[in-house]
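To keep things clear, I will list the structure first and then write my remarks on it.
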Amino acid sequence: MSPRLLVIVAFWIGLAVSSHAQDEKLPDEPIAFGVRPGVRFLTPTSAEIRWETTIAGPAAVAFGPTRKLGRVIASPSSGTSHRVVVDDLVPGQNYWYRFGLNQGGKRSFSSFYQLEGGMNYTPPVVEASGVPAGAEEAIKRLVQPGGYAVVWGDVSPSWCEAIAAGTSMTVVAAVDDSDTLNRLRKRWYADRTYGIRLTAQLKQDVPHAIANVVVVRANQVNDVAGLLSPMGQIIKLGSGDEVADTQNDEYAWQAINADVHFGRRAALELAAWGHQYGSSGNASYSGEMLGGVDDTADLEVKWIGRPGADFGIDRNPRMPAPLAVGGRLFHQGMNRMIALDAFNGAVLWSLEIPDLRRVNIPRDCGNWCADDSHVYAAVKDRLWVIDAASGEMIRTMLLPEEYEGSSEWGYVAVTEHRVVGTVMKPGSGYSGFWDKAAWYDGKDDAATAKVCGNAIVGYDKQYGSIDWQRDADAIVHSTITISGNQIYFVEVDDPTLKQASNGKLLNRQIWNAASIVCLDLDSGEQRWKSKVPPQDHETLISFGIADDDQFILQTSGKNEFHFVSLDVTSGKPRWQQSVQWPEDHHSAHIQHAVLMNGQIFVQPHILSADDGRVVKSGTLGKRRGCATPIGAGNSIIYRGGTGPLSLWSLQDEKPSEFTRLRPSCWLSTIPAQGMLFSPEGGGGCSCGGWMETSIGFAPVLSLGDER
């Protein structure tokens with residue numbers, strides 16, 4: 001019997017035992033994962049399942065609509081890295097699955113996992129009857145396979161079909177007249193491709209700045225400039241004088257052949273929200289000013305749609321913030337993540353990751369970050385490096401060797417040349433999301449224990465190798481801040497903490513022996529260490545915030561927010577300030593302050609970032625509900641008034657609101673990339689008639705601007 005057949009037989013025997021006696025302990029060992037399972041949807045009826053085991057051997061995955069499963073697919077590998085593609089899935093149907101491994105006759109089985117078919121947003125697959133010359137090469141040059149393509153004017157419909165077949169884009173034929181419109185619609189309707197994949201519109205009906213790529217005749221390039229999204233690309237068709245006439249325009253062109261040229265505009269400098277609080281400096285402000293907008297009336301809906309409330313966890317447990325980088329928006333849900341095109345809302349990809357969940361972020365840190373090309377996600381003991389365009393896992397980063405197998409990945413940040421992470425004890429992160437205790441709004445130890453790591457590590461971003469490592473008794477995750485070429489954090493010097501069962505530390509375990517440490521980002525060498533000013537044992541939150549001049553430690557306790565500023569060069573105190581919090585519930589007492597325009601904003605106060613003096617109190621609007629404020633240059637975005645998402649104008653000192661839009665109970669609305677993104681995070685709330693959908697807003701263009 002072949003090894004692969006052997007594992008299938010063994011696996012079926014194990015499944016038979018488990019399905020008829022699920023309450024009894026199986027005689028087999030639990031499977032030990034090197035890389036935890038992840039599922040990437042490929043088509044409406046197929047998905048890729050990836051996992052790694054710690055030992056080599058024939059492996060398989062079994063799946064089915066119930067726990068009895070029913071189908072087994074053997075991995076083509078007998079090593080430790082496994083990848084299988086499951087075909088013939090019924091769209092929208094949920095499936096159970098589990099893994100099996102056979103090593104020398106010893107069987108190992110995983111727990112059961114569930115795959116939610118309703119979260120598969122991949123579009124139908126289409127085929128092209130003919131592919132124009134140069135189309136395949138042009139498609140390979142696209143920044144991403146998803147989004148919207150516009151084929152302009154009298155360009156052959158075969159270009160529409162080729163792009164639809166070679167990508168996951170929705171392709172729009174923009175035509176001149178209704179006769180052509182109706183002819184194309186009938187043709188594609190008869191082929192059952194019309195709608196999601198292929199559609200036709202009159203030119204004047206195609207939305208402004210929506211297209212990821214436009215295909216156009218060379219002599220009409222200037223006619224389509226307004227259709228391209230800020231990072232859109234262009235394929236121009238023509239030869240001879242037609243092409244020569246456009247060589248000196250704003251695009252950089254590459255010749256695919258004599259008749260097809262591929263172009264892109266110079267990359268735009270757009271403000272990114274790549275970390276939990278914007279940048280690794282934790283300012284809750286990305287530099288995005290939304291074109292100066294400070295009123296909701298000056299923002300228009302650019303796109304609306306997926307994901308909805310069924311994608312996420314109930315709004316309460318304070319999940320990681322979305323990310324918006326490189327023209328894409330990334331959002332976390334219930335053990336899953338999704339990527340959308342930032343400028344048109346198209347779903348690019350989604351992943352189901354059973355071990356992704358992290359909550360109570362105010363007492364921990366985000367479990368992911370992103371740059372222009374990759375998403376970095378902490379999943380148990382590995383950091384997944386995910387291609388931002390396709391969702392494919394490129395590789396994983398390992399913890400230091402002495403921590404492998406006994407620890408998990410905690411904090412993560414990315415800079416130009418480096419990835420920074422922490423090592424934490426297993427089970428340190430919060431994961432509970434059910435019942436009132438999971439609001440994490442209280443002042444008891446169960447809600448306010450801070451998640452801490454045992455080491456902070458600097459990795460080479462390109463190769464994943466470890467450049468430096470600093471071990472510690474405890475490092476408070478929520479205080480880790482990177483600004484310029486320096487890293488700051490609260491470190492606890494108490495060797496007894498090494499014996500703690502996990503990294504959730506109470507206030508009395510932290511503040512008596514706490515210091516603020518500054519390290520060099522490139523070398524990991526300590527630049528300075530300064531004792532933390534005395535803190536009480538009711539400290540509810542502890543945040544680190546930094547700019548070019550100072551590191552600010554924000555804490556909260558005994559009815560006040562406390563701020564301590566240290567000089568970035570010497571670590572010496574600059575100023576201290578305490579101000580009263582407005583309430584002791586619904587996040588009013590645990591707000592993360594906004595550092596913006598030389599001021600610190602924490603409702604209802606504005607402080608000077610230079611010296612800590614109170615600039616104004618009794619301002620920033622009446623807040624309502626669990627959400628933390630963020631900055632957008634001329635406004636503070638918060639949940640105010642009657643409960644919806646609101647903007648407080650810093651100039652006019654008055655609020656405006658989106659009447660039926662509710663953010664999550666921590667941070668789910670972010671200004672970045674020239675837009676305001678509000679991916680759905682408020683599902684489950686019973687205090688209003690909320691729109692449980694995702695929306696991207698753009699500033700309204702003033703009169704005379706190109707539309």
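Any value given below was found using the heavy atoms of this structure, including those in side chains, with hydrogens, waters and symmetry copies removed. Since we're looking at a predicted model, the values are computed, not measured.
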With a 6.0 Å cut-off on the ring centroids, do Phe33 and Phe99 count as close?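 Under 6.0 Å, so yes.
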Check: Tyr459 ring centroid to Trp409 ring centroid under 6.0 Å: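 Yes - the distance between ring centres of Tyr459 and Trp409 falls below the 6.0 Å cut-off.
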N/O donor-acceptor pair under 3.5 Å between [X] side chain and [Y] backbone:
X      : Y      : value
Lys498 : Asn454 : no
Glu680 : Gly683 : yes
Lys425 : Ala500 : yes
Asn367 : Leu356 : yes
Lys504 : Val451 : no
Glu408 : Gly429 : no
Glu116 : Gly118 : no
Asp341 : Arg328 : no
Ser168 : Pro145 : yes
Trp368 : Ala321 : yes

[X] [atom1] to [Y] [atom2] distance, which is reported to the nearest 0.5 Å:
X      : Y      : atom1 : atom2 : result
Leu42  : Thr122 : CG    : OG1   : 8.0 Å
Glu48  : Arg83  : CD    : CZ    : 4.0 Å
Asn360 : Met319 : CG    : CE    : 12.5 Å
Tyr411 : Ser478 : OH    : OG    : 11.0 Å
Arg363 : Leu505 : CZ    : CG    : 14.5 Å
Asp87  : Ser46  : CG    : OG    : 5.5 Å

With Lys461, the salt bridge (charged side-chain N to carboxylate O under 4.0 Å, His left out) member among Asp371, Asp522, Asp467: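 When Asp371, Asp522, Asp467 are each tested with Lys461, the salt bridge (charged side-chain N to carboxylate O under 4.0 Å, His left out) holds only for Asp371.
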For the pair His592 and Phe543, name the ring-plane relationship: parallel under 30°, tilted 30 to 60°, perpendicular over 60°.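 Judged by the thresholds at 30° and 60°, the geometry between His592 and Phe543 is tilted.
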On the 0 to 90° scale, with breaks at 30° and 60°, tag the His374-Tyr376 ring pair as parallel, tilted or perpendicular. tilted
Minimum heavy-atom separation for Val420 to Ile482, with atom names?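 So the two residues come closest at CG2-CD1, 4.0 Å.
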Kindly indicate whether the side chain of Tyr121, heavy atoms from C-beta on, has any atom under 4.5 Å from the side chain of Ile338.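 Yes, side chains in contact.
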Taking atom CD of Glu525 as the centre, does the number of heavy atoms from other residues, nucleotides or ligands within less than 6.0 Å exceed 12? no
Is the CD1 atom of Ile196 crowded by more than 12 outside heavy atoms at less than 6.0 Å?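 12 or below, so no.
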Can you name the residues that form a side chain to side chain donor-acceptor pair (under 3.5 Å) with [X], not counting sequence neighbours?
X      : result
Glu136 : none
Asp520 : Asn485, Ser523, Arg527
His477 : Asp364, Thr422

Quick one: do Tyr403 and Asp471 satisfy side-chain hydrogen bond (donor to acceptor under 3.5 Å, both in side chains)? Show the steps, please. CA-CA 11 Å; Tyr403 292 105; Asp471 297 310; 2.8 Å; yes
Do the side-chain N and O atoms of Glu491 and Gln526 include a donor-acceptor pair separated by under 3.5 angstrom? no
Apply side chain to side chain contact (heavy atoms under 4.5 Å, CB included) to residues Arg50 and Val35 and explain how you reach the verdict. CA-CA 8 Å; Arg50 297 186 61 164; Val35 174; over 6 Å; no
Evaluate the side-chain hydrogen bond (donor to acceptor under 3.5 Å, both in side chains) criterion for residues Arg357 and Asn335: first the C-alpha distance (whole Å), next the side-chain angles of each, then the deciding distance (0.1 Å), finally the verdict. CA-CA 5 Å; Arg357 184 169 74 246; Asn335 304 337; 3.1 Å; yes
